2 protein chains.
Amino acid sequence: MRILIVEDDETLADGLSVGLRLQGFTPELVTCCADAREALAQGGFSAVVLDLMLPDGSGLDLLAALRAGGDRVPVLLLTALDQVRDRIGGLDAGADDYLGKPFDLGEVSARLRAIIRRAEGRASALLEWNGLRLDPSRMRGEMAGRELRFSRREFAVLRALIETPGVIVEKDRLEERLYGWQEGVESNAVEVHVHKLRAKLGAGFIETVRGVGYRLAEARP
Amino acid sequence: MRILIVEDDETLADGLSVGLRLQGFTPELVTCCADAREALAQGGFSAVVLDLMLPDGSGLDLLAALRAGGDRVPVLLLTALDQVRDRIGGLDAGADDYLGKPFDLGEVSARLRAIIRRAEGRASALLEWNGLRLDPSRMRGEMAGRELRFSRREFAVLRALIETPGVIVEKDRLEERLYGWQEGVESNAVEVHVHKLRAKLGAGFIETVRGVGYRLAEARP
DNA sequence: ATCTTCCACGATCAGAATCCGCATCGGGCC
DNA sequence: GGCCCGATGCGGATTCTGATCGTGGAAGAT
């Protein structure tokens, strides 16, 4: 299983790398946000070990951007032990778990296994539903022979919905997904995007569940 | 959301209880494994906060027994900070997360929210009783081949009842579930929703227990 | 025991109040 | 220019409220 380690402290990074290799993982190492972004864009990692403090930015921002783009790869945060506030923010930002430094190598791999196991339950490569096919890598879709294009936000909403077709996705969760943890926007942005999506997909494709959220309709009329 | 706190240290337990209540949870408190077992058998908790060291046994054993019995309620372990081995063991025993003492109250609730959210994703278990099948992820039901739809409140009441079929659910508890601990309604709102449910499910499906609450009927006439 | 009375609690209903989503627009920003 | 955020007013679904009516069952009488 490929694990991406994002850590600039060389000693720590090497230790992690060796330790995880011994545990049967296949770690790859990057040392800054920019490289991490690039690696993650390729995809194919089973999980990410992410340091919060990086030379070219905060790991939290990287994480938030990742989630906003719809990537749900499991993330294990590394944080200094006393940064309680960071830790809370991390979980809300979409991290699957975190670990305070200094940490035990056995614990790192136990937690990695745990979050990977959790993530497997929700994975799916093909996004397809009710005649709509979505290509996540191109942000495009296809329906009844016509190619559909979506803006970033539109696509994020649609993707969140199609990952669990038929299942209600709470509006909170959609906002969370679009904007990250920090301060759910004080507006009807989600509704607007749903509106635009309906214009492209046809009314009836996305159902409203009043007071709760949205979901994809079970069958097309 | 009802949270079961299993903790024998009175100071800690009270602190947790008050803190969680302020965060919008509805905590209930037990101080030993035996009581915890009993409470858990009733079901209806959104999560469990579990201390490892209890007067009548280890929380780990309780957890293991719980999982062995098929119960997947999210569990947050409380452990002394340096017991790394316990922590790893806890994750392997089926805990969803753990927290070292001393801990920050905000962190407890952040983690609770996180594990509850996760658990909801995997739920999708159909609730079934007496010919009614309920799908919580879709807020729909099906009975005698007919699809039933419910509003949010209706569904909340019905779900509370069907989670412990045949068991009486006090009206207070229903209100609590609908409106949170604060701001109880000053009217017969619950009764109204029960009324609407009966209209959809047929009279006799929900029984009234005068002076106490409601429950689902054992068998259909 | 049986019957009657009584009353607190629940059922029912309709109108009011509230909440929520939809459509639309303008301005800021990339 | 395209995209996204935030605001607004409207319309409708949902929920609450309060009044009234119905009823179970206990208390007391016979």
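Model, not experiment: these values are computed from the prediction. All chains are named by letter (A, B, ...) in the order of the sequence lines, taking the proteins before the strands, and each is independently numbered beginning at 1.
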What is the distance, to the nearest angstrom, from the [atom1] atom on [X] to the [atom2] atom on [N]?
X	N	atom1	atom2	answer
Leu178(B)	dT14(D)	CG	C1'	13 Å
Glu191(B)	dG22(D)	CD	P	17 Å
Glu175(A)	dG6(D)	CD	P	10 Å
Asp172(B)	dG10(C)	CG	P	11 Å
Arg153(B)	dC16(D)	CZ	C1'	10 Å
Leu197(B)	dG10(C)	CG	P	17 Å
Ile206(A)	dA23(C)	CD1	P	12 Å
Lys196(B)	dC13(C)	NZ	C1'	11 Å

Search all heavy atoms of Leu4(A) against all heavy atoms of Ala36(A) and return the closest pair with its distance.
->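 In terms of heavy atoms, the two residues are closest at CD2-O, 4.2 Å.
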List the atom of Met143(B), the atom of Asn130(B), and the distance in Å for their closest heavy-atom pair.
->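 What the structure gives for the nearest pair is CE-O, 4.3 Å.
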So does [X] get a side-chain nitrogen or oxygen closer than 4.0 Å to the phosphate oxygens (OP1/OP2) of [N]?
X	N	value
Tyr179(B)	dC16(D)	yes
Arg198(A)	dC22(C)	yes
His193(A)	dC3(D)	no
Thr208(B)	dA11(C)	yes
Ser151(A)	dC4(D)	yes
His195(A)	dG21(C)	no
Tyr214(B)	dC9(C)	no

Between Arg159(B) and Glu163(B), does at least one N-O distance fall below 4.0 Å, as a salt bridge requires?
->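 Result for this pair is yes, salt bridge flagged.
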Which part of the nucleic acid, if any, lies within reach of [X] when heavy atoms closer than 4.0 Å are counted: base, sugar-phosphate only, or nothing?
X	answer
Arg210(A)	base
Lys171(B)	sugar-phosphate
Phe150(B)	nothing
Val192(A)	base

Taking N or O atoms only and anything under 3.5 Å, show me the protein contacts with nucleotides 19-21 of chain D, one pair per line.
{"residue": "dA19(D)", "atom": "N6", "partner": "Asn188(B)", "partner atom": "ND2", "Å": "3.2"}

Rounded to the nearest 0.5 Å, how far apart are CD1 of Ile5(B) and OG1 of Thr31(B)?
->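 If we round to the nearest 0.5 Å, Ile5(B):CD1 and Thr31(B):OG1 are 12.0 Å apart.
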Drop me the distance from Lys196(A)'s NZ to Ser151(A)'s OG, to the nearest 0.5 angstrom.
->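 Those atoms lie 6.5 Å apart.
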Check the pair Arg198(A), Thr208(A) against side chain to side chain donor-acceptor pair (under 3.5 Å), reporting the backbone distance first and the verdict last.
-> CA-CA 11 Å; Arg198(A) 288 212 249 241; Thr208(A) 302; 3.1 Å; yes
Should Leu134(A) and Phe150(A) be marked as a side-chain contact (heavy atoms from CB on, under 4.5 Å) after you check the CA-CA gap, both sets of side-chain angles, and the distance that decides it?
-> CA-CA 10 Å; Leu134(A) 271 199; Phe150(A) 303 97; 4.0 Å; yes
Glu191(B) side chain near Lys171(B) side chain, heavy-atom distance below 4.5 Å =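 Yes, their side chains come closer than 4.5 Å.
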Side-chain donor/acceptor of Arg152(A) to base of dC3(D), under 3.5 Å |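 Check fails, no donor-acceptor contact within cut-off.
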